[in-house]
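All of these numbers come straight from a predicted model, not from anything done at the bench. Below, chain A is the first sequence line, B the second, and so on; all start at residue 1. All values below come from the heavy atoms of this structure, side chains included, with hydrogens, waters and symmetry mates left out.
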2 protein chains.
Amino acid sequence: MKEIQNIGSELLRFDIKPSYQRIKIYDYLLKNNIHPTVDMIYKKLADGIPTLSKTTVYNTLKLFEEHGIIKSVNIEENEIRYDVQTHIHGHFKCEQCGAIYDFDYNYNDLKYSGLENFILNQTDVMIKGVCKTCASKN
Amino acid sequence: MKEIQNIGSELLRFDIKPSYQRIKIYDYLLKNNIHPTVDMIYKKLADGIPTLSKTTVYNTLKLFEEHGIIKSVNIEENEIRYDVQTHIHGHFKCEQCGAIYDFDYNYNDLKYSGLENFILNQTDVMIKGVCKTCASKN
DNA sequence: TTTCATAATTGTAATTATTATAAAATTAAA
DNA sequence: TTTAATTTTATAATAATTACAATTATGAAA
């Protein structure tokens, strides 16, 4: 897990003003590296911040992504998930339990054809299947 | 482009009963290899089939995917796109014009770590950036 | 401290993609 | 032709996200 001593100064490092809500949301993402949805984040934090609005969660995640402190993961059909890991890695989605796992792959060995003169900004490798835990149950 | 002489018999090959609507939708997918959305398919075909319902398009695409004759592409945040190409390939999304391009990559050279004892069913490589056409305009 | 301007948060309503459901139409079989 | 099964259709419901305006909090200047 990514260890941040002072969440406020980490946000400032990315030019994000550290409000109470923003600190709480970033703190949650750091401590729960489970690629949560907006709804999961909102529901968990609403207990501790009774006035929290879901719009704030949306606004904050969008802001975080624009400033490059988190990434959105598009592996689901219907909803966006969020990820604080900053190194390049792939995502595995278990078709049985729905969990999303990180994995490493050999990014530099990946060679393409058909993208000559294209500008590549972001590469994502996504795999669907059955995770180890579910596979052992069957 | 995938060349199909007889669309009806191609559908039958995948155990899909070739109704009028199904033939029209599959024909559109074959002739318009642009990873269209449900809405794009519906709007184009509604001219020729005035009674066409969007639900039919949804039902048909779901059926097609279940029978393995098409694949859904999840590169967009908010909507699903559809693809008739059956060989393994990646998808490139242009952040400027929004177009989605196919590209080839060396699938067999892709090595993972962290997925030991996982069952892998489907791999997708997605890249975002700026396409050749848009890049030359800038 | 008070005032003022700016930024952040909130609640509500609107939008959009998708799914559920049941009726109507079509097809295939007896 | 009658009947049953399948397909299509229209409408309503769901769910994620965005738009928007009002409220609240923050920080600097007077």
A:H89 meets the ring-ring contact (aromatic ring centres under 6.0 Å, His included) criterion, sequence neighbours left out, with A:H87, A:H91

ring-ring contact (aromatic ring centres under 6.0 Å, His included) against B:Y82, all qualifying residues, sequence neighbours excluded: none

Run the side-chain contact (heavy atoms from CB on, under 4.5 Å) test against B:S113 and tell me which residues pass, sequence neighbours left out. A:D104, B:E116

Gap between atoms OH and C1', on B:Y58 and C:dT19 respectively (whole Å): 9 Å

Send over the distance from B:M40 CE to C:dA17 P, rounded to a whole Å. 12 Å

Write down the distance between CG (A:L12) and P (D:dT26), rounded to a whole number of angstrom. 15 Å

Specify the separation, in whole Å, of atom CG of A:L61 and atom P of D:dT18. 11 Å

Check the distance between C:dT18's C1' and B:I41's CD1 and give it to me in whole angstrom. 14 Å

Rounded to the Å, how far apart are B:I16 CD1 and D:dT6 P? 16 Å

To the nearest angstrom, how far is A:R81 atom CZ from D:dA16 atom C1'? 13 Å

Per-nucleotide protein contact along nucleotides 6-14 of chain C, 5' to 3', at a 4.0 Å heavy-atom cut-off (B base, S sugar-phosphate only, - neither), is -SSSBBB--

Per-pair distances, 0.1 Å, donor-acceptor, side chain in residues 35-51 of chain B, under 3.5 Å, sequence neighbours excluded:
unit_1	atom_1	unit_2	atom_2	d
B:H35	ND1	B:I100	O	3.4
B:H35	NE2	B:D83	OD2	3.4
B:H35	NE2	B:D102	OD1	2.8
B:T37	OG1	B:D39	N	3.4
B:T37	OG1	B:M40	N	3.1
B:D39	OD1	B:K54	NZ	2.5
B:D39	OD2	B:K43	NZ	2.7

Student check: side-chain heavy atoms of B:M126 and B:K93 closer than 4.5 Å: no

Sorted by first residue and then second, give each side-chain hydrogen bond (donor to acceptor under 3.5 Å, both in side chains) pair with at least one member in residues 61-75 of chain A; sequence neighbours left out. A:E65-A:S72

Please state how far atom CD1 in B:I80 lies from atom C1' in C:dT19, giving the value in whole angstrom units. 11 Å

